[in-house]
2 protein chains.
Amino acid sequence: MKKYIPILKKTKLFAGVADEEIGAMLSCLDARVRTYKKGEYVHRQGEHLNSITVLVDGELHIQRDDYWGNRTIVNRIAIGELFGEAYAAPESGALLNDVVAVEDSTVIFFDVRRIITVCSSACRFHSMVVQNLFFAISEKNRTLVQKIGHISKRTTREKLISYLSEEAKRQNSASLIIPFNRQQLADFLSVDRSAMSNELCKMRDEGLIEFEKNQFRLL
Amino acid sequence: MKKYIPILKKTKLFAGVADEEIGAMLSCLDARVRTYKKGEYVHRQGEHLNSITVLVDGELHIQRDDYWGNRTIVNRIAIGELFGEAYAAPESGALLNDVVAVEDSTVIFFDVRRIITVCSSACRFHSMVVQNLFFAISEKNRTLVQKIGHISKRTTREKLISYLSEEAKRQNSASLIIPFNRQQLADFLSVDRSAMSNELCKMRDEGLIEFEKNQFRLL
DNA sequence: TCTTTTCTGTTGCAAAAACAACCGATTTGT
DNA sequence: ACAAATCGGTTGTTTTTGCAACAGAAAAGA
């Protein structure tokens with residue numbers, strides 16, 4: 001468990017917390033490590049969570065498959081990010097989506113109650129972690145609103161432009177690498193893959209964008 | 001200002017805080033009241049917030065109009081709910097949407113830094129407010145994910161069913177009243193009003209639902 | 001290395017949505 | 001009470017999407 005301290009230090013939850021404090025908090029917060037193979041489910045829709053999940057390696061998707069096999073990718077969790085903050089509240093109900101490892105992944109679970117309830121004794125940095133948690137959920141909130149901005153556009157082209165421009169802004173460059181393949185991007189933007197692929201090529205032919213694999217450039 | 005204490009007591013931010021404590025915190029948190037006429041903007045996209053907004057009367061929409069006049073209603077703020085929690089973090093950037101009063105409304109602004117930074121002295125209930133804030137943002141997060149669930153459905157009919165069923169579940173009855181008129185519902189679900197109206201009537205003719213104005217019944 | 005699977009682009013067709021225009025009913029404001 | 005504005009439903013046309021099927025390229029696995 002100790003070996004994860006340098007990695008945890010870089011996560012949003014433990015930003016600004018000293019190494020030795022993280023070590024102390026690992027037991028204080030009842031941390032448990034687990035690895036998942038690509039494709040395995042970390043959580044399933046309908047479960048009741050009592051832990052917060054920190055991703056230390058790999059990649060997770062928050063997604064939902066409907067009865068007919070249509071998939072919606074709600075969000076993506078990258079290394080250092082966390083999941084389950086929104087279910088920390090006591091009466092937060094069942095999990096709305098599945099959480100799936102899209103790469104071989106390693107996560108650390110922390111007991112949610114022990115994070116929320118500031119312990120009296122040892123953990124001097126506990127309040128820092130609580131604040132980090134608050135900022136993390138706050139940031140995720142804004143991410144979700146941005147996503148709503150993308151998918152509420154009426155046409156596939158507009159959705160693509162909305163998503164790609166925001167990603168370009170975030171990466172601070174007109175040239176950008178997206179973390180999705182075509183099918184995943186379509187599932188993320190809630191459109192049909194083939195129609196989207198078609199639209200991307202039209203946009204390229206019109207000189208709006210260039211792309212190769214998941215590297216894009218806005219012109 | 002004192003007269004708002006009974007109302008504030010019922011808001012998500014001050015749940016569980018005693019009257020006299022709220023009174024004390026009003027000055028501690030630098031509370032300011034303001035009223036808005038129907039249609040007025042409370043905040044505009046691009047602004048940088050430094051306050052949290054509690055709605056004590058009326059109704060707000062979080063929305064965005066694009067260049068061609070298409071409106072997207074991202075969320076709705078009802079009496080007792082708050083706005084701006086997601087912008088409490090120092091580096092949270094500019095406001096992504098407009099905040100508009102859809103009815104004559106009264107809001108109270110609280111200095112965001114004073115909420116986050118727990119004051120040393122008087123406010124015994126301050127930590128309760130911080131926790132309330134956390135739960136509020138947490139709940140909003142889940143609301144946003146639900147909304148993504150609705151609008152990521154592929155057809156207008158599916159969007160309507162998704163929205164109406166969730167609302168029925170929330171109101172715990174197959175008969176429900178929605179807080180939108182037709183245009184607003186269309187803007188909320190990101191579809192065309194006339195197409196949606198059409199679809200609603202088809203669903204009624206097929207015996208799936210009944211409705212009159214904004215009262216619906218699922219069959 | 002060879003086979004199998006996944007990924008991406010392409011096409012045609014059917015279904016659905018957006019758009020525009022209109023009308024009667026209801027609501028709002030004076 | 002009356003005029004004006006808003007609201008909800010209807011229809012027809014155009015545009016866009018979803019869907020299915022296929023093929024070459026790339027990647028993964030044996």
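Below, chain A is the first sequence line, B the second, and so on; all start at residue 1. It should be emphasised that the depicted structure is a prediction, and the values quoted were computed from it without experimental measurement.
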Practice item. Please collect all ring-ring contact (aromatic ring centres under 6.0 Å, His included) contacts where either partner lies in residues 179-219 of chain B, sequence neighbours excluded, each pair once. Key: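 Matches after skipping sequence neighbours: B:His61-B:Phe180, B:Tyr163-B:Phe188, B:Phe180-B:Phe188, B:Phe211-B:Phe216.
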Give the minimum heavy-atom separation between [X] and [Y], together with the two atoms involved.
| X | Y | value |
| --- | --- | --- |
| B:Lys159 | B:Leu189 | CD-O, 3.6 Å |
| A:Ala31 | A:Ile108 | CB-CG2, 3.9 Å |
| B:Ala86 | B:Ser92 | O-CB, 3.9 Å |

**Study point:** Inter- and intrachain pairs under side-chain hydrogen bond (donor to acceptor under 3.5 Å, both in side chains), touching residues 187-197 of chain A, at least two apart
**Key:** A:Gln183-A:Asp187, A:Asp192-A:Ser194
Point to revise | Protein proximity profile, nucleotides 12-19 of chain C - base contact B, sugar-phosphate-only contact S, no contact -, cut-off 4.0 Å on heavy atoms | key: -----SSB
So that I can tick it off, tell me whether [Y] and [X] are bridged by a salt bridge, with the cut-off set at under 4.0 angstrom between side-chain N and carboxylate O.
| X | Y | value |
| --- | --- | --- |
| B:Arg157 | B:Glu206 | yes |
| A:Arg142 | A:Glu139 | no |
| A:Asp30 | A:Arg32 | yes |

Can you tell me how far [atom2] of [Y] sits from [atom1] of [X], rounded to the nearest 0.5 angstrom?
| X | Y | atom1 | atom2 | result |
| --- | --- | --- | --- | --- |
| B:Leu26 | B:Leu29 | CG | CG | 7.5 Å |
| B:Glu85 | B:Leu133 | CD | CG | 6.5 Å |
| B:Glu167 | B:Ile178 | CD | CD1 | 8.0 Å |
| A:Asp57 | A:Thr35 | CG | OG1 | 10.0 Å |

Grab the [atom1]-[atom2] distance between [X] and [N] for me, whole Å please.
| X | N | atom1 | atom2 | answer |
| --- | --- | --- | --- | --- |
| A:Asn198 | D:dC22 | CG | P | 18 Å |
| A:Leu200 | D:dT17 | CG | P | 12 Å |
| A:Asp187 | C:dT8 | CG | P | 12 Å |
| B:Lys37 | C:dG29 | NZ | C1' | 13 Å |
| B:Ile151 | D:dT17 | CD1 | P | 16 Å |

Study note, to complete from the structure: Ordered by number, residues from residues 201-219 of chain B within less than 4.0 Å of DNA chain D (heavy atoms) are B:Cys201, B:Phe211
Check your understanding: Quick one: bend of the helix from C:dT1-D:dA30 to C:dT30-D:dA1 from 5 pairs per end, to 10°?
Key ->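 The end-segment axes of the helix from C:dT1-D:dA30 to C:dT30-D:dA1 are tilted 70° relative to each other.
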I'd like a list of close polar pairs between nucleotides 3-7 of chain D and the protein, N/O only, cut-off under 3.5 Å.
none

Exercise for review: Fit a plane to each ring of B:Phe109 and B:Tyr36, take the angle between them on a 0 to 90° scale, and name the class: parallel (under 30°), tilted (30 to 60°) or perpendicular (over 60°).
Suggested key: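 Rings of B:Phe109 and B:Tyr36: perpendicular, over 60°.
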